[in-house]
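Just so you know, ligand 1 is whichever comes first in the structure, and atom 1 is the first atom listed for that ligand.
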Amino acid sequence: MVNTVPQPSAEVREALEQGRPVVALESTIISHGLPRPENLRLAFELEEIVRDGGAVPATVAVLDGVARVGLDKEELERLGTQDGLRKLGVRDLAPALALGASGATTVSATAHLAARAGVRVFATGGLGGVHRDWVTEQDESADLGLLARTGITVVCAGVKSILDVPATLQRLETLSVAVVGYRTAEFPGFYLTRSGLPVDWTLESPEQAALLMRAQEALGTDRSALIVANPVPPEQQLDPALHDRVLADALTAARREGVTGQAVTPFLLAHLVEHTGGASLRANLTAVRGNAALAARIAAAYAASAA
Ligand code: PSU
Ligand code: MN
């Protein structure tokens, strides 16, 4: 019989048992979303940021057919350096476990495993969503559907700007996923501080986020996610004109090279890193660091608000 129960590390298990704050971190950004060696540096750094914010970090991945919530140093190194690791969305979890595979988890798979292990807060860079060529390709990230049926708070810098952002926000509304801006009335644009689109609700503090989570629980709407959209500071965003120009090239290149399916997002992100001289990478790292820090504060406020 395969072991299908998500396995928390000893530290994560203890924190959860004692009601102490825990923050889940995804691993696809490490294995597929960022170039080496910045990817592994970030993996370690995020864990430090979460600890500094008063929470226990729990990076999620599947290793040798076991779903893991909380990794040690060697396991993080494996994620950051091993070739051929799979990219696992939530639908890939059962095959990976049944077949003893190893892979990094996307937002959808990370949110699912974290919530099942009892982790309430999760930090990432930018969510997946509706792709720009949806009309012909119907490419929509599994992140959206999964977040519509999973009780977890996801701190992100919006959705990746390579996507159709208005369509993604519309899908989130249809799916009844709560979206709030953190200290902004505008939905952030991942590499960019602003997307030009409004959010309906704005939070000013981690304590307000914790209150909102408790309200979801009281109302029974905590079976879907809360998205806390946290913008990169304007002075650290990617230059918007450069962003728009390079992204247009990236989309053309993806079409020309026939990139499809799971490969689309890593292809576009890598194209941006290369053709912005690393500026998109810096904005991406800034976004993820800021989200990990805020997620830790929200997890701490949530733990402190326990009834
Ligand atoms: N955020 C980042 N970099 C990434 C991703 C998110 O800053 O690489 C990953 C996440 O794991 C997300 C995935 O779930 O991209 C979406 O991929 P797709 O569009 O194939 O669903
Ligand atoms: Mn996709």
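- Annotation for ligand 1: atoms under 4.0 Å from non-hydrogen atoms of H131 are 19 (O).
- Proximity annotation for atom 8 (O) of ligand 1: of G128, G33, G129, G33 comes nearest, heavy atoms only.
- Between atom 18 (P) of ligand 1 and the options E140, K87, Q262, the minimum heavy-atom separation is to K87.
- With respect to atom 15 (O) of ligand 1, the closest heavy atom belonging to the protein is K160 NZ, 2.7 Å.
- Side chain to side chain, T260 and E137 fail the donor-acceptor criterion of an N or O pair below 3.5 Å.
- At least one donor-acceptor pair under 3.5 Å links the side chain of E26 to the backbone N or O of T28.
- Between D83 and R36 there is a salt bridge, since a side-chain N of the basic residue sits under 4.0 Å from a carboxylate O of the acidic one.
- For the pair K73 and E77, the salt-bridge criterion is met [side-chain N within less than 4.0 Å of a carboxylate O].
- With respect to K160 and D143, no salt bridge is recorded, no charged nitrogen being found less than 4.0 Å from a carboxylate O.
- If you number the atoms of ligand 1 from 1 as listed, the ones under 4.0 Å from a heavy atom of G126 come out as 1 (N), 2 (C), 6 (C), 7 (O).
- Distance from atom 21 (O) of ligand 1 to its nearest protein heavy atom, with residue and atom name: S141 OG, 2.7 Å.
- Residue-level proximity to ligand 1 for V107 is carried by backbone and side chain together, each with a heavy atom below 4.0 angstrom.
- Near N284, with a cut-off below 4.0 Å to any heavy atom, the atoms of ligand 1 are 7 (O).
- R194 places no side-chain N or O within 3.5 Å of a backbone atom of G189 that could act as its donor or acceptor partner.
- Counting only heavy atoms from C-beta outward, the side chains of E173 and D200 never approach each other to under 4.5 Å.
- Nearest protein neighbour of atom 19 (O) of ligand 1, counting heavy atoms only, is T265 OG1, 2.8 Å.
- An N or O contact shorter than 3.5 Å is missing between T105 and ligand 1 by distance.
- Applying the side chain to side chain donor-acceptor pair (under 3.5 Å) test between S102 and each of Q82, R68, R78, R86 identifies R78 as the sole match.
- A salt bridge links R214 to E217: one of the charged nitrogens lies within less than 4.0 Å of a carboxylate oxygen.
- Distances below 4.0 Å separate heavy atoms of L269 from the following atoms of ligand 1: 3 (N), 4 (C), 8 (O).
- With a 4.0 Å cut-off on non-hydrogen atoms, L127 does not touch ligand 1 at all.
- For ligand 1, the atoms closer than 4.0 angstrom to any heavy atom of E26 are 1 (N), 5 (C), 6 (C), 10 (C), 11 (O).
- Distances below 4.0 Å separate heavy atoms of F190 from the following atoms of ligand 1: 7 (O).
- With distances taken over non-hydrogen atoms, the option nearest atom 3 (N) of ligand 1 out of I29, T106, T28 is I29.
- For the Mn ion (ligand 2), the N/O/S atoms of D139 include one lying under 2.8 Å.
- Within the 3.5 Å criterion, the main-chain N or O of T184 finds a donor-acceptor partner in the side chain of T202.
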